[in-house]
Amino acid sequence: MKTIIAAYSGVLRGTGSSLLSAVHDLPSVPWLSKSSVVRHLQIISVLQWVLSFLILGVTCTAVLVYIFCTDLWLIAALYLTWMVLDWNTPYKGGRRSSWVRNWAVWRYFRDYFPIKLVKTHNLLPSRNYIFGYHPHGIMCLGAFCNFGTEATGVSKKFPGIKCHLATLAGNFRMPVLREYLMSGGICPVDRDTIDYILSKNGTGNAVVIAVGGAAESLNCRPGKNTVTLKQRKGFVKIALQHGADLVPIYSFGENEAYKQVVFEEGSWGRWIQQTFQKYVGFAPCVFHGCSFFSSNSWGLVPYANPITTVVGEPITVPKIEQPTQKDVDLYHGMYLSSLQRLFDKYKTKLGLPDSETLEFV
């Protein structure tokens, strides 16, 4: 166990050198074999992100409140002052760190599933883009790995393009969590932030939006390819107002990461989820993956199913400061058709039957 901890310390530092030296000297014990240690590091890397996503913000808020009640209250006061002074930074593109985005921990995260990024067309650094990510899944694991880190080489595959993965604005009101998210180039998914990135941050920017949002996450389940998109047109209007090209993305396998209890429309469970979503901004899902020790028992570790994210062909969008509903409907229709073609082209290549269809709701 000490060996695994020592190895993982190197992963967290982003070097991975401790892992190589530690594994090399492992005794001939089955669960301490090189492949076993690497697999455990992959699981730990995924689990730390899942726990960060679920509880880091709330935990750090509670710790900050506790520190205020101790002799170390000045530390909490200084951090709170920093948060107030730095409050608008997430809404202006954030504060990304190339060092954090290149941590070795993200490569172990990638290899656990594994996650792959497929490029189909070049993107011009002289343009700005809105990437539509589908489906949302439970935690957008593919979106985070591909666009919130450099684990799959997004910056090398799309040189000159800076990706800004958008997530709930409430996350940036949480101490420490906000710093963690911003270091990966993640920003709030609100109108002011997107407007700033697409109009006041130069060119070569790509805002990545899980268009289906919380509503789509409530319906995700293994074996189902359904996207909530028919009435989601706000992102198209923003693209027209800024002349930002639309890029459809489909992540095959995103819905296979967790199993979810899906409540039927009209049920008490669905009413509670929708009410929570309306007032809080996200919907609580009842889901499970596997445990740290076994894929046959329940836990928070996602199932190790491949996730392949395919970036489609950009749709050239003109700049229309006051687009009409007809303009929005036209480009929304083009986007739907492009996403459908992308899904149909790659579904059989990635293990789905030719009869599999993409459902729009």
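In the hydrophobic clustering of ILVMFWY residues, with side-chain heavy atoms under 4.5 Å counting as a link, Phe113 and Ile44 come out together. The hydrophobic clustering, which links ILVMFWY residues whose side-chain heavy atoms are closer than 4.5 Å, places Val247 and Val227 apart. Residues Val154 and Ile307 share a single hydrophobic cluster, defined by chaining ILVMFWY side chains whose heavy atoms lie under 4.5 Å apart. Cluster annotation: Ile43 is not connected to Tyr303 through the hydrophobic network of ILVMFWY side chains, with a link wherever side-chain heavy atoms come within less than 4.5 Å. When the side chains of ILVMFWY residues are joined at heavy-atom separations under 4.5 Å, either directly or via intervening members, Leu229 and Val328 end up in a single hydrophobic cluster.
Nearest heavy atoms, Cys290 versus Pro302: SG-O, 3.8 Å. Pairing each heavy atom of Ile138 with each of Cys220, the nearest pair is CD1-SG, 3.6 Å. Residues Ala215 and Arg232 share a closest heavy-atom pair of CB-NH2, 3.4 Å. Across Ala151 and Arg110, no two heavy atoms sit closer than the pair O-NH1, 2.6 Å. A pairwise comparison of heavy atoms in Ser338 and Pro248 identifies OG-CG, 3.3 Å as the closest pair. In plain terms, the two heavy atoms of Leu240 and Pro323 that are nearest each other are CD1-CB, 3.9 Å.
Judged by distance alone, the side chain of Ser45 and the main-chain N or O of Trp106 form no donor-acceptor pair under 3.5 Å. For Arg270 (side chain) and Phe263 (main-chain N/O), a donor-acceptor pair under 3.5 Å exists by modelled atom type. Looking at Gln273, its side chain does come within 3.5 Å of a backbone N or O of Pro284 through a donor-acceptor pair. Remark: side-chain polar atoms of Gln274 are not paired, donor with acceptor, to backbone N or O of Glu265 under 3.5 angstrom. A donor-acceptor pair under 3.5 Å is absent between the side-chain atoms of Arg127 and the main chain of Asn205, judged by distance alone. Panel note: side chain Tyr258, backbone Met139; no donor-acceptor pair is recorded below 3.5 Å. With hydrogens and angles disregarded, no donor-acceptor distance shorter than 3.5 Å links the side chain of Arg96 to the backbone of Gly184. Side-chain atoms of Thr309 do not come within 3.5 Å of backbone N or O of Ser251 as any donor-acceptor pair. Although no hydrogens or angles enter the test, the distance criterion places no donor-acceptor pair under 3.5 Å between the side chain of Asp245 and the main chain of Pro314. Without hydrogens or angle criteria, Asn128 side chain to Gly202 main chain gives a donor-acceptor distance under 3.5 Å.
Between Cys285 and Leu218, some side-chain heavy-atom pair lies under the 4.5 Å cut-off. Looking at heavy atoms from C-beta onward, Tyr331 lies out of side-chain contact with Lys233 at the 4.5 angstrom threshold. Residues Val63 and Val176 are not in side-chain contact: their nearest non-hydrogen atoms beyond the backbone lie 4.5 Å or more apart. Using a 4.5 Å heavy-atom threshold, the side chains of Met83 and Pro175 count as touching. Looking at heavy atoms from C-beta onward, Asn219 lies in side-chain contact with Val262 at the 4.5 angstrom threshold. Inter-residue side-chain proximity for Val207 and Phe235 is flagged as unmet; no heavy-atom pair is nearer than 4.5 Å. Between Gln48 and Ser52 the shortest side-chain heavy-atom distance falls below 4.5 Å.
Between Phe144 and Phe53, the gap from one ring centroid to the other reaches at least 6.0 Å. Taking the ring centroids of His332 and Phe360, they lie at or beyond the 6.0 Å cut-off.
Among Leu141, Val301, Leu47, the one residue that satisfies the side chain to side chain contact (heavy atoms under 4.5 Å, CB included) test with Tyr112 is Val301.
The structure places CG of Leu358 at 9.0 Å from NE2 of His134, a figure rounded to the nearest 0.5 Å. In this structure, the separation between CG on Leu41 and CZ on Phe109 is 15.0 Å, given to the nearest 0.5 Å. To the nearest 0.5 angstrom, Trp103 atom CH2 is 6.5 Å from Ser183 atom OG. Annotation: the span from Ile197 atom CD1 to Lys92 atom NZ amounts to 12.5 Å, rounded to 0.5 Å. Rounded to the nearest 0.5 angstrom, Ile315 CD1 and Ile130 CD1 are separated by 11.5 Å. Annotation: the span from Leu350 atom CG to Glu356 atom CD amounts to 12.5 Å, rounded to 0.5 Å.
A salt bridge does not link Lys156 to Glu150: none of the charged side-chain nitrogens sits closer than 4.0 Å to a carboxylate oxygen.
For Asp190, the side-chain hydrogen bond (donor to acceptor under 3.5 Å, both in side chains) partners are Thr193, not counting sequence neighbours. Under the salt bridge (charged side-chain N to carboxylate O under 4.0 Å, His left out) criterion, Glu216 pairs with no residue at all, not counting sequence neighbours. Arg178 meets the side-chain hydrogen bond (donor to acceptor under 3.5 Å, both in side chains) test with Asp86; sequence neighbours excluded.
Within the structure, the side-chain hydrogen bond (donor to acceptor under 3.5 Å, both in side chains) test picks out the following pairs touching residues 311-324 (sequence neighbours left out): Thr324-Asp327. Applying the side-chain hydrogen bond (donor to acceptor under 3.5 Å, both in side chains) test to residues at least two apart or on different chains, none of the pairs has a partner in residues 63-77. Residue pairs meeting the ring pair (Phe, Tyr, Trp, His ring centres under 6.0 Å) criterion with at least one member in residues 156-179, sequence neighbours excluded, do not occur.
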Applying side-chain hydrogen bond (donor to acceptor under 3.5 Å, both in side chains) to Asn146 and Tyr133, what does each step give before you reach the verdict? CA-CA 11 Å; Asn146 286 308; Tyr133 184 88; 5.4 Å; no
What's the verdict on side-chain contact (heavy atoms from CB on, under 4.5 Å) for Asn225 and Leu352, showing C-alpha distance, side-chain angles and the deciding distance? CA-CA 10 Å; Asn225 291 285; Leu352 296 179; 4.0 Å; yes
Worked check of side-chain hydrogen bond (donor to acceptor under 3.5 Å, both in side chains) between Asp354 and Thr348: CA-CA 6 Å; Asp354 189 54; Thr348 55; 5.4 Å; no
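Relative ring orientation between Phe131 and Tyr129 is described as tilted, the plane-to-plane angle lying within the 30° to 60° band.
By the 6.0 Å contact criterion, NZ on Lys347 is enclosed, its count of non-hydrogen atoms from other residues, nucleotides or ligands being greater than 12. Crowding of Lys119 atom NZ: a count of heavy atoms from other residues, nucleotides or ligands under 6.0 Å exceeding 12.
For the pair Lys349 and Tyr346, the distance from NZ or CZ to the six-membered ring centre is under 6.0 Å and the angle to the ring normal is within 45 degrees.
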